[in-house]
Amino acid sequence: MIPAEFKYLFPSTVDEAVRMLAEEGEDAKVIAGGQSLVPVLRMRLAAPTALIDIGGLTELTGVRDDGDSLLIGAMTTHYEVQRDHLIHDHALLLKLVTDTVADPQIRHRGTFGGSLCHADPAGDLLAPALALDAVMIIAGPSGRREVSASEFFVDYFTTALAPDEILLDVRVPKYTGWGAHYEKLNRVAQAWSIVAVAAAVRVSDGVIAAARVGLTNVGSGPVRAVEVESALVGLPATAESISAAAGRASTGDGYKDNLARVLTGRALTAAVG
């Protein structure tokens with residue numbers, strides 16, 4: 001199908017992009033890599049009056065060291081996240097999750113920030129962003145503000161972004177030396193997750209010192225498995241401890257409850273290594 005008619009705008013700065021959004025109103029949309037938006041436009045499930053293409057805003061690309069955290073530009077592609085040495089050294093979970101996103105063609109075009117803003121509960125990056133306590137840095141007409149991942153994902157395909165705001169960067173604390181794993185159940189390769197589990201674990205002298213666990217596609221947004229995390233801390237990094245803690249994973253759905261528990265056990269076992 002052919003998309004409905006829209007105005008195409010190409011800002012050269014973030015401030016210009018924000019101004020365009022404000023001028024065009026709530027029916028305008030930002031397009032980054034376009035891997036989620038373009039199919040929706042072609043099916044006419046969305047008909048924005050204007051598309052604001054931020055693909056030329058190079059200041060929104062790349063990964064930067066920011067002391068105790070990393071700053072990941074919203075326009076950084078999945079491919080770049082996969083291969084960035086800072087991500088590998090300090091946020092390994094993000095690298096492992098991004099390895100599973102779609103296929104190489106989409107990973108070369110799709111963007112880290114675009115996936116988060118699309119907020120598909122079956123999308124792979126939401127749960128690790130929540131589990132790793134990521135913070136979204138947002139620009140709008142009133143200036144810049146920061147929103148934690150726990151407050152950013154509001155509902156199905158809905159975030160805390162106002163219609164005239166743009167995601168600039170994502171700040172992720174460093175998890176240097178942590179083990180990590182993403183366990184994903186899908187029907188066929190490259191398909192959306194039925195359920196997936198993102199896990200990061202820090203082990204000290206054979207004891208689990210800290211854990212982060214996020215669940216994908218078990219609700220209207222990502223879910224933090226806080227009961228699993230607290231149950232793990234202070235226990236020996238053994239199969240028995242992991243199995244007992246994984247049993248606390250809960251989704252409120254009988255079928256997905258069982259999947260979440262099994263996949264949480266697998267993800268934690270692999271993360272502990």
Side-chain angles (χ1 to χ4, degrees), residues 78 81-82 87-103 107 115 120-134 149 153 172-173 175-273:
H78 302 310
V81 169
Q82 278 184 288
I87 297 284
H88 184 276
D89 292 346
H90 305 297
L92 179 61
L93 179 59
L94 291 181
K95 188 266 185 214
L96 298 176
V97 172
T98 306
D99 286 345
T100 76
V101 171
D103 55 47
R107 290 196 291 270
S115 293
D120 186 334
D124 293 301
L125 290 169
L126 280 63
L130 178 64
L132 298 179
D133 294 317
F153 303 112
V172 179
Y175 291 86
T176 313
W178 287 51
H181 187 73
Y182 189 56
E183 189 71 20
K184 177 176 178 176
L185 177 66
N186 46 11
R187 292 184 179 88
V188 295
Q190 302 168 3
W192 297 108
S193 302
I194 299 173
V195 173
V197 178
V201 180
R202 180 167 63 86
V203 177
S204 178
D205 296 325
V207 174
I208 297 173
R212 303 286 186 272
V213 182
L215 308 180
T216 296
N217 205 18
V218 298
S220 61
V223 172
R224 182 85 173 258
V226 290
E227 290 192 11
V228 175
E229 294 175 357
S230 12
L232 284 167
V233 175
L235 295 181
T238 63
E240 293 76 14
S241 298
I242 289 171
S243 177
R248 294 175 176 262
S250 177
T251 68
D253 176 301
Y255 171 64
K256 287 195 172 181
D257 264 352
N258 185 58
L259 284 178
R261 289 165 186 160
V262 171
L263 298 178
T264 297
R266 292 178 183 175
L268 290 169
T269 299
V272 167

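K95 and V81 get closest at one heavy-atom pair: CG-O, 4.5 Å. Heavy-atom minimum distance, Y175 versus A131: OH-O, 4.3 Å. The two atoms that bring D257 and G252 nearest to each other are OD1-N, 3.4 Å, heavy atoms only. Pairing each heavy atom of A209 with each of V233, the nearest pair is O-CG1, 3.7 Å. The minimum heavy-atom distance linking A231 with L235 is given by the pair O-CD1, 2.9 Å. Across P236 and S241, no two heavy atoms sit closer than the pair O-OG, 3.0 Å.
Every residue meeting the side-chain contact (heavy atoms from CB on, under 4.5 Å) condition with L96, not counting sequence neighbours, appears here in chain and number order: L92, D99, A180. For S243, the side-chain contact (heavy atoms from CB on, under 4.5 Å) test picks out no residue, with sequence neighbours left out. Considering only residues two or more places apart in sequence or on other chains, K256 meets the side chain to side chain donor-acceptor pair (under 3.5 Å) condition with none of them. Legend: residues meeting side-chain contact (heavy atoms from CB on, under 4.5 Å) with A237, ordered by chain and number and at least two apart, are V203, I208, V272. In this structure, T100 has no side chain to side chain donor-acceptor pair (under 3.5 Å) partners at least two apart in sequence or on a different chain. Under the rule for a side-chain contact (heavy atoms from CB on, under 4.5 Å), the partners of A210 that lie at least two apart in sequence or sit in another chain are W178, R202, R212. Applying the side chain to side chain donor-acceptor pair (under 3.5 Å) criterion to N258, with sequence neighbours excluded, gives no partner residue.
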Return all side-chain donor-acceptor pairs below 3.5 angstrom for residues 262-271, not counting sequence neighbours, or 'none' if the list is empty.
| unit_1 | atom_1 | unit_2 | atom_2 | d |
| --- | --- | --- | --- | --- |
| T264 | OG1 | A260 | O | 2.5 |
| T269 | OG1 | G265 | O | 2.7 |

Please tabulate, one pair per line, all N/O donor-acceptor pairs under 3.5 Å involving side-chain atoms of residues 215-225, not counting sequence neighbours.
| unit_1 | atom_1 | unit_2 | atom_2 | d |
| --- | --- | --- | --- | --- |
| T216 | OG1 | Y182 | OH | 3.3 |
| N217 | ND2 | S193 | O | 2.7 |
| N217 | ND2 | I194 | O | 3.3 |
| R224 | NE | E229 | OE1 | 3.3 |
| R224 | NE | E229 | OE2 | 2.5 |
| R224 | NH1 | L130 | O | 3.3 |
| R224 | NH1 | D133 | OD1 | 3.1 |
| R224 | NH2 | E229 | OE1 | 3.4 |

- side chain to side chain contact (heavy atoms under 4.5 Å, CB included) evaluation trace for V213 with V197: CA-CA 7 Å; V213 182; V197 178; 3.8 Å; yes

- Task: Walk me through it: do L93 and L132 pass the test side chain to side chain contact (heavy atoms under 4.5 Å, CB included)?
- Result: CA-CA 9 Å; L93 179 59; L132 298 179; 4.1 Å; yes

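The CD atom of Q82 lies 6.5 Å from the OG1 atom of T98; values are rounded to the nearest 0.5 Å. Distance check, rounded to the nearest 0.5 Å: NE2 of H88 to CG of L94 gives 12.5 Å.
You'll find the side chain of S115 stays beyond 4.5 Å of the side chain of V101, heavy atoms only.
Here salt bridge (charged side-chain N to carboxylate O under 4.0 Å, His left out) pairs that include residues 239-253, with residues two or more places apart or in two chains, number zero.
Sparse packing is recorded around CG of D205, with 12 or fewer heavy atoms of other residues, nucleotides or ligands lying under 6.0 Å away.
A donor-acceptor contact shorter than 3.5 Å is absent between the side chain of N186 and the backbone of W192.
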